[in-house]
Amino acid sequence: MKKVIVVTSSPRKDGNSELLARAFADGASSAGNEVKLISVRDLDLKYCVGCLYCQSHDVCVLGDGMNELYEDIQNADVIAFATLVYFYSVCGQLKTFIDRLNPLYPRQNKFTDVYVLATAADDDEKAMDGAVHAVQGWVDCFDGVSIKGVVRGVGVTDKGEITGTGFIAQARDMGKNV
């Protein structure tokens, strides 16, 4: 059994990237893994102020709920980030969340496998390259960590539209195989 953290950064409930996140989580759970789904929109997320307090302490000075998540993320085996793509990168909500993971840098983290679940109205899979690159930038900060899989949910605009595609099954299967 693995500990799996799935982070959804969709600002809209039941948005396409959130549906991908749930499918991944369902797949991982059905395979017997322990899964925790984190919705960034439910956090009172503040921006990192770059004070680096977290590099010498176990907590962040910003009191917005992130401190409650660090231990779970640190001890996870797998992390999946779900994002919508507007302008060829991760959405601002996910970027802010990733920036706030700075306290993990000096820790002994367990996670090694990272997945990217991305959706966009654009029909070209290359539209996702910037989002994957953004997550890769975070991954590169940790030894032994790599991106193990990417779902590129292209051509979906309207809320819930992804349910009529094969991307949900792809995310679920990816989750089953973590």
Side-chain angles (χ1 to χ4, degrees), residues 1-22 24-25 28-29 33-120 128-151 175 178:
M1 178 181 79
K2 294 183 180 178
K3 288 186 176 184
V4 179
I5 298 287
V6 181
V7 178
T8 176
S9 57
S10 178
R12 61 182 177 180
K13 187 171 175 50
D14 300 324
N16 291 316
S17 62
E18 183 167 294
L19 294 175
L20 275 187
R22 285 192 199 146
F24 184 94
S29 181
N33 297 295
E34 179 184 329
V35 179
K36 180 173 185 166
L37 185 66
I38 298 169
S39 176
V40 173
R41 106 176 138 262
D42 294 337
L43 302 173
D44 181 24
L45 197 59
K46 296 178 182 165
Y47 299 107
C48 179
V49 295
C51 68
L52 299 179
Y53 179 86
C54 62
Q55 299 301 289
S56 58
H57 298 80
D58 286 338
V59 296
C60 174
V61 297
L62 303 175
D64 61 1
M66 284 296 290
N67 288 332
E68 299 167 12
L69 300 176
Y70 294 132
E71 189 174 332
D72 284 340
I73 296 170
Q74 174 185 357
N75 292 313
D77 299 291
V78 175
I79 301 171
F81 294 112
T83 185
L84 53 146
V85 175
Y86 289 140
F87 295 101
Y88 307 105
S89 190
V90 296
C91 66
Q93 293 87 337
L94 183 57
K95 178 62 172 116
T96 298
F97 184 86
I98 288 173
D99 287 348
R100 292 297 308 286
L101 294 178
N102 200 35
L104 297 177
Y105 184 71
R107 297 183 184 196
Q108 296 293 82
N109 300 295
K110 189 175 178 189
F111 56 85
T112 57
D113 299 348
V114 174
Y115 292 83
V116 180
L117 313 167
T119 62
M128 307 299 191
D129 290 350
V132 175
H133 183 74
V135 174
Q136 185 66 55
W138 180 77
V139 165
D140 288 345
C141 294
F142 301 96
D143 292 334
V145 179
S146 62
I147 294 178
K148 295 294 185 182
V150 178
V151 175
V178 297

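- Around the CG atom of Asp42, the shell of radius 6.0 Å holds more than 12 heavy atoms that belong to other residues, nucleotides or ligands.
- In Asp64, the CG atom is crowded: over 12 heavy atoms of neighbouring residues, nucleotides or ligands sit closer than 6.0 Å.
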*Go through the steps to decide whether Leu62 and Arg100 satisfy the test side-chain contact (heavy atoms from CB on, under 4.5 Å), and finish with yes or no.*
CA-CA 10 Å; Leu62 303 175; Arg100 292 297 308 286; 3.7 Å; yes
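- For the pair Asp72 and Lys3, the salt-bridge criterion is not met [side-chain N within less than 4.0 Å of a carboxylate O].
- Between Arg107 and Val59, the shortest heavy-atom contact is NH2-N, 4.5 Å.
- Residue Tyr53 holds its OH atom at 9.5 Å from CG of Asp58, rounded to the nearest 0.5 Å.
- A donor-acceptor pair under 3.5 Å links the side-chain atoms of Gln55 to the main chain of Asn102, judged by distance alone.
- Listed for the Gln74 side chain is a donor-acceptor partner under 3.5 Å among the backbone atoms of Gln108.
- Heavy-atom contacts from other residues, nucleotides or ligands closer than 6.0 Å to CD of Glu68 number 12 or fewer.
- By the 30° and 60° cut-offs, the orientation of the rings of Trp138 relative to Phe111 is parallel.
- Within the model, atoms OG1 of Thr83 and CD of Glu18 stand 12.5 Å from one another, a figure rounded to the nearest 0.5 Å.
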*Derivation of the side-chain contact (heavy atoms from CB on, under 4.5 Å) call for Phe24 and Val35*: CA-CA 10 Å; Phe24 184 94; Val35 179; over 6 Å; no
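- Within the 4.5 Å cutoff, the side chain of Phe97 has heavy atoms near those of the Leu69 side chain.
- Side chains of Gln93 and Leu45 form no contact here, defined as non-hydrogen atoms less than 4.5 Å apart.
- Summarising the geometry of Asn33 relative to Lys2, their closest heavy-atom pair is OD1-N, 2.9 Å, with the distance given to 0.1 Å.
- Of the inter-residue distances, the one linking Leu117 atom CG with Ser9 atom OG reads 10.0 Å to the nearest 0.5 angstrom.
- The nearest pair of heavy atoms linking Gly144 to Thr112 is O-CB, 3.6 Å.
- Here the closest non-hydrogen pair linking Ser17 and Ser10 is OG-CB, 3.5 Å.
- Note that the SG atom of Cys60 and the OH atom of Tyr70 stand 4.5 Å from one another [nearest 0.5 Å].
- Summarising the local packing, CD of Gln136 is surrounded by more than 12 heavy atoms from other residues, nucleotides or ligands at distances under 6.0 Å.
- Distance check, rounded to the nearest 0.5 Å: CD1 of Ile38 to CD1 of Ile5 gives 4.5 Å.
- Atom OH of Tyr88 has 12 or fewer heavy atoms from other residues, nucleotides or ligands within 6.0 Å.
- Considering CG of Leu94 and CG of Asp99, their distance stands at 9.5 Å, rounded to 0.5 Å.
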_Could you walk me through whether Val150 and Val135 satisfy the side-chain contact (heavy atoms from CB on, under 4.5 Å) test, starting with their C-alpha distance in whole Å, then the side-chain angles of each, then the deciding distance to 0.1 Å, before giving a yes or no?_
CA-CA 11 Å; Val150 178; Val135 174; over 6 Å; no
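- The two residues Lys46 and Thr96 have their closest heavy-atom pair at O-CG2, 3.9 Å.
- Pairing each heavy atom of Leu37 with each of Ala21, the nearest pair is CD1-CB, 4.3 Å.
- Taking 4.5 Å as the limit, every side-chain heavy atom of Val90 sits out of range of all side-chain heavy atoms of Phe81.
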*Applying side-chain contact (heavy atoms from CB on, under 4.5 Å), run through Val40 and Val7 and close with a yes or a no.*
CA-CA 7 Å; Val40 173; Val7 178; 3.7 Å; yes
